[in-house]
Amino acid sequence: MTMRHARQQRRSRLRWFAAGLASTLVIAPLGAGAASSPENIHVGMATSFSNSSAQWAVIPMGHLRDTSNTFWQLMVRPFGQSRWSDATNFGVATNGGLSIASPGDDSLTVGTHASHLLRFSSLAQTRTSGLTWRSVPPVPSLANVASALAQSQDGSELALIGKAGTASVLAGNSHASTWRTLTTTRSFASQSVARSCQPLALTAVGESSAGALLGARCSYDGVVGLYAYEHNGWRALRVPVPTSLRARQFSVVATENERGTSWLLLAATSGHGAQLVAAWSNAPLAGWHVIVGPRLGRSTEVQSIGSNGAGLFALWGTGSGERASQVGLSGWRSVPPPPPGTQTLSYGPGNSVQALTVRNTLLRVFTLTSTNQWHGDQRMSVPLQFGSSQ
Amino acid sequence: MPGMGSNLRIDDPTIVSAFRTALVHQGIILLIIAGIFLIAFNVLNVVSYRRGDAHADAAAVGATVIEAPGRRILRYGFGSLWILDGLLQGQHSMPLGMTANVITPSAQGSPQWVQHLVGLGVSIWNFHPVTAAAATVWIQLGIGVLLLVAPRGRWSQLAALVSVGWGLLVWSFGESFGGIFASGSSWLFGEPGAALFYVGAGLLLALPDRNWSTPQLGRRVLRIMGTFFVIMGVIQALPGNGFWQGRVGTNPLAGNLVTMTSSMSQTPQPHLFVTWINWFTALDSAHGWAVNLLVVLALISIGIALWSRRPSVNKYGVLAADVLCLAVWVLVQDFGFFGGVGTDPNSMIPIALVVSAGFVATVRFPGPVVLTTPEGAPTPTVSTPWYATTPTLAKVFGALTASAMVLVGAVPMVAASVNSTADPIIAQSIDGSPGVVNRPAPAFTLQDATGKTVSLASFRGKVVALTFLDPVCVTDCPLLAQEFNAANRMLGGSAKNVDFVAVVANPLYLNRSYLQSFNRQEGLQNVRNWYYLTGSLTSLSAIWRNYGVQIVNSPTGAMVGHNDVAYVIDRSGRERYIVNANPGTGQSFETSSLAGVLDGYIKSVLS
């Protein structure tokens with residue numbers, strides 16, 4: 001090798017080194033930025049709650065990886081009966097999902113999410129634990145969120161419709177015979193009341209003793225976007241955020257009204273995953289108490305949320321199975337790992353807890369015993385009509 | 001692009017019967033055309049004989065033009081291949097199987113723009129499956145015959161250019177550019193597409209005769225093919241494409257070649273061929289790496305041999321290429337044309353033909369030679385039939401008939417491709433023939449979506465197309481509504497004499513708000529002659545019963561079931577047609593076809 005060649009080779013190495021260093025300096029911060037960017041947590045539509053006459057649950061059945069052959073089922077267990085039965089007999093294909101709401105009496109409204117070629121959501125009501133139904137005027141396609149439908153004690157309803165980022169809130173009168181638009185994402189974001197949140201999306205609707213509630217996902221970290229509708233206008237409700245979570249982005253995932261206590265389930269997300277946070281208030285317009293809950297891994301999906309009679313529960317999947325926690329006034333408490341295939345939990349009278357598991361067309365119900373074991377109680381085969389929506 | 005859907009099997013008897021009928025009809029037209037040509041040439045011959053040209057004709061008996069041997073190989077080879085391809089296109093599965101089983105699968109794995117482009121061709125074929133399939137038969141038979149009967153001159157060049165044009169269409173729309181844009185492509189499986197070699201051969205045949213008189217053309221062909229073989233060898237050698245492994249032990253992941261040959265062995269074919277391909281599959285399973293190495297080395301060696309300047313090396317290269325092509329054709333491509341939807345014998349025979357023709361063309365050929373009757377030979381004095389005495393006219397006759405063959409296919413195909421309404425035969429094959437009746441339609445009185453009371457009597461004086469739709473149905477009803485709307489548009493000015501009426505077909509969602517939502521969803525709210533009607537469950541139940549509509553409510557989350565039916569009611573309120581209005585899988589060709597059928601029935605009642 002000549003001296004000239006050696007010099008050339010050194011210069012070449014130096015150039016490569018400089019290029020590599022420059023690339024590292026440019027790419028590394030981008031990578032770090034990506035890691036710290038918060039991810040929105042996905043919350044499934046499976047849910048459960050009780051009204052005055054029965055326990056209700058919404059679960060997906062069938063071929064769960066094929067939306068055309070996933071059939072969302074409304075299951076009911078009237079009080080005084082030991083077995084669950086299928087109440088999905090309201091004459092519409094349920095492949096898009098179901099949302100349910102009840103003012104707490106014996107009535108229940110079910111909204112069917114649009115699927116396939118249907119682009120609006122039908123609504124049906126029952127007062128007979130699903131034996132008979134009457135239709136309610138439809139709404140445009142319900143939003144694909146867990147809390148898309150709510151009903152107040154006077155029977156008036158709230159519906160969150162449309163796609164994330166462009167959703168609207170509709171209000172129905174006491175018989176939901178007419179619907180009117182309360183707000184849209186764009187118009188809401190332009191209001192001064194939303195300035196501290198700068199909502200990215202409207203994420204949940206609910207009813208409280210103080211009236212309609214609207215939850216949002218805020219662009220600003222450490223801000224909970226919760227609003228009450230009063231006197232034909234929106235009012236921001238201040239939910240305090242623990243210091244440890246002030247760098248996180250909050251989404252209101254669900255709202256529940258349990259015996260006069262309003263409950264919120266919040267997801268505080270960061271680039272490293274999500275933290276579940278519950279908040280409750282006896283006087284929603286006044287003060288909220290915040291309870292920090294379990295931390296979920298990155299890309300964990302919350303399969304189901306619902307009411308446990310005195311608060312909320314959440315069920316989420318991990319690589320090795322499902323995990324669940326419930327929250328009440330005394331704080332978060334984990335539930336023994338539910339059986340494989342659990343789609344939701346259901347809380348009944350006397351603090352009984354049941355897990356509804358699904359394998360294709362087979363529903364199995366397990367009850368949590370006093371020794372914290374899951375005991376199989378019921379098997380039910382649901383004759384799904386695969387291919388009926390294709 | 002998902003295929004033809006579950007409602008329409010590729011051997012659907014209605015479509016198959018229509019396809020055969022179309023072929024027979026077009027065959028008869030061709031026979032008539034050929035007969036006319038025959039008479040015309042006989043007349044010409046007689047006239048020319050009476051004018052005293054018989055001697056000249058007779059003198060021409062001995063005149064023969066010798067075609068370059070390399071060109072002749074290509075012409076006979078590809079002419080025969082086009083004829084074989086045309087005959088294969090005549091298989092009964094072609095109208096419905098071509099897009100679902102051949103074109104669409106071949107496009108999978110290709111980039112989006114290729115799939116989009118192929119989709120255009122698929123759409124035309126799906127909208128007019130019988131016309132397209134019959135057209136393909138005649139065009140390919142015509143090209144083949146034209147190549148065979150026209151050895152040189154303008155007719156031969158015309159045949160070559162038509163071969164190029166049709167070959168390009170087949171290569172792009174039918175073969176998705178031979179899969180060259182798809183990942184994991186391999187020469188063994190037919191890439192870069194058999195049709196590309198038809199195109200290449202057509203281009204060579206279109207060259208003037210003088211190009212065939214020197215060895216240069218043959219050498220260029222060999223070098224091009226040599227380069228091709230080397231590139232194919234390199235691609236074959238690339239790791240990660242799944243060709244270096246067979247099936248090792250119990251590992252369920254088989255190499256691409258094993259997977260391919262295993263699936264080919266499932267194709268219906270003579271048992272002997274299955275035995276061969278199974279043997280090769282077993283060999284490749286056990287020695288996948290060695291088999292691929294052999295293929296790679298063979299391809300590159302052949303490529304290098306074809307580049308050589310030494311004719312003897314060329315010769316062995318061509319021989320090896322032919323043997324390898326033959327082996328791959330039999331053991332991997334499984335002859336290419338079994339199974340009912342095989343459209344051609346795949347790529348190996350065309351490749352072997354081009355290589356062989358190229359090699360033969362490397363031998364110097366003195367140019368087109370005209371052999372004439374030797375001087376002093378006795379001149380025929382006896383009149384001989386025109387076909388014996390006028391070879392030129394006979395060839396012109398053959399060429400014209402072959403051209404007519406191409407046109408018999410091409411003209412309907414062009415006409416169909418600009419027709420945006422699918423053939424009625426599709427709807428007929430899904431729904432069968434309509435019930436033809438003439439009886440009073442059951443009366444009804446209901447409310448429309450605005451609350452206005454409407455009765456069947458209020459439509460008196462207009463033709464009524466009546467159906468039953470579930471406003472919350474997620475599949476058939478929106479499609480059926482669109483078919484009604486499409487039929488409405490097809491009627492044009494006649495639509496003012498027709499009303500399209502739907503009665504709600506769900507026992508729960510009877511509220512007018514559902515009808516309004518459905519109308520908005522389907523863009524029907526402003527269609528002047530569209531009426532979506534509802535009423536009390538009692539009155540609706542009576543109407544459903546009177547019109548034979550069965551409503552089945554599923555308790556498990558499926559939509560309400562009801563029969564898809566449409567009635568065409570004449571101006572005096574009498575049912576005239578009962579159409580089974582299943583919209584199939586909702587693909588555009590099915591929807592369009594049913595709209596066309598409805599349009600036809602409505603027009604027949606209007607008239």
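Note that the structure is a prediction, hence the values are computed from the model and not measured. Below, read A as the first sequence line, B as the second, and so on, with proteins coming before strands; counting in each chain starts at 1. When reading the values below, keep in mind they use all heavy atoms of this one structure, side chains included, and skip hydrogens, waters and symmetry mates.
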Closest heavy-atom pair and its distance - B:Val472, A:Gly91: CG2-O, 3.7 Å
Chain A interface, residue from B:Ser554, B:Pro471, B:Ser513 that has the most non-hydrogen pairs under 4.5 Å: B:Ser513
Exercise: identify the closest heavy-atom pair between A:Phe120 and B:Phe518: CE2-N, 3.8 Å
Separation of A:Ser115 OG from B:Met559 CE (nearest 0.5 Å): 8.5 Å
Value rounded to 0.5 Å, distance of CG in B:Asp476 from NE2 in A:His116: 11.5 Å
Short side-chain to backbone donor-acceptor contact, B:Tyr509 and A:Phe90, under 3.5 Å: yes
From B:Leu508 atom CG to A:Asn89 atom CG, the distance as rounded to the nearest 0.5 Å: 9.0 Å
Residue B:Cys473 versus chain A: region with a heavy atom under 4.5 Å: backbone
Top of A:Pro140, A:Pro138, A:Ser135 for chain B proximity - count of heavy-atom pairs under 4.5 angstrom: A:Pro138
Donor-acceptor pair, side chain of A:Gln385 and main chain of B:Thr556, under 3.5 angstrom: no
Can you give me every donor-acceptor pair (side chain of residues 479-491 of chain B, partner residue at least two apart or in another chain, under 3.5 Å) with its distance?
from     : atom 1 : to       : atom 2 : distance (Å)
B:Gln482 : NE2    : B:Glu522 : O      : 3.0
B:Gln482 : NE2    : B:Glu522 : OE1    : 2.8
B:Asn488 : OD1    : B:Asn529 : ND2    : 3.1
B:Asn488 : ND2    : B:Asn529 : OD1    : 2.8

Contacting region of A:Phe71 [heavy-atom separation from chain B under 4.5 Å]: side chain
